[in-house]
Participant: 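After the C-alpha cells below, expect a handful of questions from me.
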Amino acid sequence: EAKRQGKGRVASYRPGLLEATAERHRLEADLREALHRRQFHLAYQPIMSLETGEITGYEALLRWDHPVRGSVSPAVFIPVAEETGLILEIGRWVLEEACREAASWPKGRHVAVNVSSVQFRSHLLPSHLTGALARSGLPAHRLEVELTETALVEDGPTIARALAEIRRLGVKVAMDDFGTGYSSLAHLCDFPLDRIKIDRSFVAAAQADPHAHAVIKAVVALGRDIGIPTLAEGIETVEQLELLRGLGCGAVQGYLIGRPARFLEDEKVGKLVLGSIFAA
Ligand code: C2E
Ligand code: MG
Ligand code: MG
Ligand code: MG
C-alpha cells in the first residue's frame with residue numbers, strides 16, 4: 001500500500017522525474033558504447049603566457065559526437081560518467097590520447113588534462129599516468145593535470161596524498177575553476193600546486209563588479225607570494241586581457257586567444273591581438 005502510494009506520489013507531483021531517469025539511463029548506455037565506437041575526440045585550447053605572449057601549451061577538452069544526439073557537452077555527460085564510474089575508463093582514454101598527440105607538438109609545449117575527483121580517489125591514477133607517459137614518450141614535465149577546487153574541499157586528505165604522488169612522477173598539477181568551490185584562499189597553501197586557474201565567472205564579471213575584481217587581484221597576489229603561477233580562464237576581450245596583465249596574472253586562456261580546436265591553429269590570433277600590447 002505504502003509502495004503503491006509512493007509511486008503515485010512520484011507520478012503526480014514529479015511528472016518529469018521518470019522521464020528524466022529514463023533519459024539518464026539512455027545516456028549512460030550510449031556513453032558505454034562511445035569509447036568502442038570511437039565517438040570521442042579531444043579539442044585543444046591554447047594557453048598563453050602574459051609575460052612573453054607565447055603559446056606555452058594547450059588544455060585538452062573532451063568532445064563527444066553522438067550519431068543521433070549530435071555534439072554532447074562535457075558539462076552534461078561528465079557528471080553521468082562520474083556517477084556510473086565510466087569516468088575511469090573514459091579518463092584513461094583521455095590521458096592516453098592527450099599524451100600521444102602532445103608528444104609530437106612543436107617547441108615542447110605542455111598539455112593540460114582535466115582529471116575527475118573520481119579518478120583521483122581510485123588509486124589507479126598514478127599507474128595510468130605512468131603508462132600514458134611511457135607509451136607516448138611524452139616527458140612527465142610536459143603533462144599537467146587539472147583538478148577542480150570542489151574535489152579538494154570534499155576530500156582534502158585523500159586528494160593531497162594523491163597530488164604528492166603525482167608530483168613525484170614529475171607531472172604538474174593545476175587547480176581548476178578556482179573561486180567556485182567555496183574554499184578559502186588559505187586553503188591554497190595546503191596543497192602542492194603548480195598552477196591556479198581562476199574561474200571564468202570572475203573574469204566575466206571583473207569590469208562591472210568590484211567584488212569579482214577584488215577576488216582576482218587577491219588570488220593573483222597570493223599566488224605570487226606563495227610562488228604559484230596564476231592563469232585566468234575565459235578571456236574574451238582585449239580589455240579583460242589588459243586588466244589581467246595589469247594585475248600581474250601569469251597566463252590566460254579564452255576565446256580571444258583561441259577556441260578549443262581539433263587541430264592546433266592558434267599563433268596568428270594571439271600575435272595579432274597581442275602585438276600592440278606586447279610592443280608597448
Ligand atoms: P574547464 O576545465 O574549466 O574547461 C574550460 C571550459 O570553458 C571549456 O568548456 C571551454 O570550452 C570553455 N571556454 C574556454 N574559453 C572560453 C571563453 O572565452 N568563454 C567561454 N564562455 N567559455 C570558454 P567545455 O569544453 O564545454 O568543458 C566544460 C567542462 O567539462 C570543463 O571545464 C571540465 O570541467 C569538463 N571536462 C572537459 N573535458 C574533460 C575531460 O577530459 N575530463 C574531465 N574529467 N572533465 C572534462
Ligand atoms: Mg580545465
Ligand atoms: Mg576551468
Ligand atoms: Mg570550468
Side-chain angles (χ1 to χ4, degrees), residues 24-25 27-32 34-36 40 42 59-64 72-100 102 110-136 138 140-199 228 231 233:
R24 244 181 135 63
H25 283 129
L27 194 60
E28 184 188 335
D30 284 0
L31 262 181
R32 277 186 201 286
L35 271 177
H36 311 291
F40 289 124
L42 297 179
E59 177 176 2
L61 293 159
L62 184 56
R63 295 291 176 258
W64 182 20
V72 188
S73 166
V76 172
F77 71 81
I78 294 285
V80 177
E82 288 178 330
E83 282 164 31
T84 55
L86 285 168
I87 192 68
L88 294 175
E89 214 184 322
I90 295 172
R92 188 176 192 185
W93 179 86
V94 171
L95 273 174
E96 290 281 336
E97 183 74 357
C99 290
R100 190 181 64 76
H110 82 272
V111 65
V113 176
N114 292 285
V115 173
S116 161
S117 59
V118 177
Q119 291 172 271
F120 268 91
R121 283 191 295 255
S122 78
H123 305 290
L124 292 168
L125 188 57
S127 74
H128 287 178
L129 289 168
T130 310
L133 291 169
R135 273 182 287 277
S136 63
L138 185 76
H141 68 89
R142 284 178 55 201
L143 175 61
E144 183 170 300
V145 293
E146 295 191 0
L147 174 69
T148 61
E149 186 195 2
T150 324
L152 295 188
V153 177
E154 281 169 4
D155 208 352
T158 307
I159 302 284
R161 270 192 303 275
L163 289 190
E165 196 173 349
I166 287 163
R167 286 177 100 234
R168 270 198 300 276
L169 300 174
V171 171
K172 302 232 159 53
V173 177
M175 183 190 279
D176 203 356
D177 302 342
F178 186 74
T180 58
Y182 303 102
S183 73
S184 66
L185 281 181
H187 221 94
L188 281 178
C189 311
D190 298 340
F191 297 96
L193 296 170
D194 297 283
R195 202 201 284 270
I196 300 163
K197 299 186 76 171
I198 303 167
D199 192 70
I228 305 178
L231 176 154
E233 302 184 308

Participant: Between atom CG of D194 and atom CE of M175, what is the distance when rounded to the nearest 0.5 Å?
Facilitator: 12.0 Å
Participant: If you define the side chain from C-beta out and look only at heavy atoms, does anything of L147 sit under 4.5 Å from V115?
Facilitator: no
Participant: Name the orientation class of the two ring planes belonging to W93 and F40 (parallel below 30°, tilted from 30 to 60°, perpendicular beyond 60°).
Facilitator: tilted
Participant: Which residue, L124, L95, V113, forms the side chain to side chain contact (heavy atoms under 4.5 Å, CB included) with L129?
Facilitator: L95
Participant: If I compare all heavy atoms of P79 with all of P74, which pair ends up nearest, and what's the gap?
Facilitator: CD-O, 3.6 Å
Participant: Quick one: does D177's side chain get under 4.5 Å of E146's, heavy atoms only?
Facilitator: no
Participant: Do V171 and L133 have side chains that approach each other closer than 4.5 Å (heavy atoms only, starting at C-beta)?
Facilitator: yes
Participant: Grab the two heavy atoms, one from A60 and one from L42, that are nearest each other, plus how far apart they are.
Facilitator: CB-CD1, 4.2 Å
Participant: Please report the interatomic distance CD1(I78) to CD1(I90), rounded to the nearest 0.5 Å.
Facilitator: 6.5 Å
Participant: For the side chain of E149 and the backbone of T180, is there at least one donor-acceptor N/O pair under 3.5 Å apart?
Facilitator: yes
Participant: How many angstroms lie between CZ in R92 and CD1 in I87, if you round to the nearest 0.5 Å?
Facilitator: 14.0 Å
Participant: Ignoring hydrogens, what is the shortest heavy-atom contact between H123 and P126? Give both atom names and the distance.
Facilitator: O-CD, 3.8 Å
Participant: Just do the salt bridge (charged side-chain N to carboxylate O under 4.0 Å, His left out) check on E144 and K197 with the steps written out, would you?
Facilitator: CA-CA 12 Å; E144 183 170 300; K197 299 186 76 171; over 6 Å; no
Participant: Among residues at least two apart in sequence or on other chains, which ones pass salt bridge (Lys or Arg N to Asp or Glu O under 4.0 Å) with E165?
Facilitator: none
Participant: Looking only at heavy atoms, what is the nearest atom pair of E82 and S116, with distance?
Facilitator: OE2-OG, 2.7 Å
Participant: If we ignore angles and hydrogens, is there a donor and acceptor under 3.5 Å between the side chains of E28 and T84?
Facilitator: no
Participant: Apply side-chain contact (heavy atoms from CB on, under 4.5 Å) to residues L138 and V111 and explain how you reach the verdict.
Facilitator: CA-CA 10 Å; L138 185 76; V111 65; 4.1 Å; yes
Participant: Do L27 and V76 have side-chain heavy atoms sitting under 4.5 Å apart?
Facilitator: yes
Participant: Any side-chain heavy-atom pair from L125 and I166 closer than 4.5 angstrom?
Facilitator: yes
Participant: Search all heavy atoms of I196 against all heavy atoms of F178 and return the closest pair with its distance.
Facilitator: CG2-CB, 3.8 Å
Participant: As a quick check of understanding, evaluate side-chain contact (heavy atoms from CB on, under 4.5 Å) for E96 and R135, giving each step before the final call.
Facilitator: CA-CA 8 Å; E96 290 281 336; R135 273 182 287 277; 2.7 Å; yes
Participant: To the nearest 0.5 Å, how far apart are OG1 in T158 and CZ in F120?
Facilitator: 12.0 Å
Participant: State the CD-NE2 distance between E89 and H128, to the nearest 0.5 angstrom.
Facilitator: 9.5 Å
Participant: Is there a side-chain contact between R24 and E83, using heavy atoms and a 4.5 Å cut-off?
Facilitator: yes
Participant: Return the CG to CZ distance between L193 and R167, rounded to the nearest 0.5 Å.
Facilitator: 7.0 Å
Participant: Can you list everything that forms a ring-ring contact (aromatic ring centres under 6.0 Å, His included) with F191? Sequence neighbours excluded, please.
Facilitator: H187
Participant: Less than 4.5 Å apart, side chain to side chain, heavy atoms only: is that true for L31 and W64?
Facilitator: yes
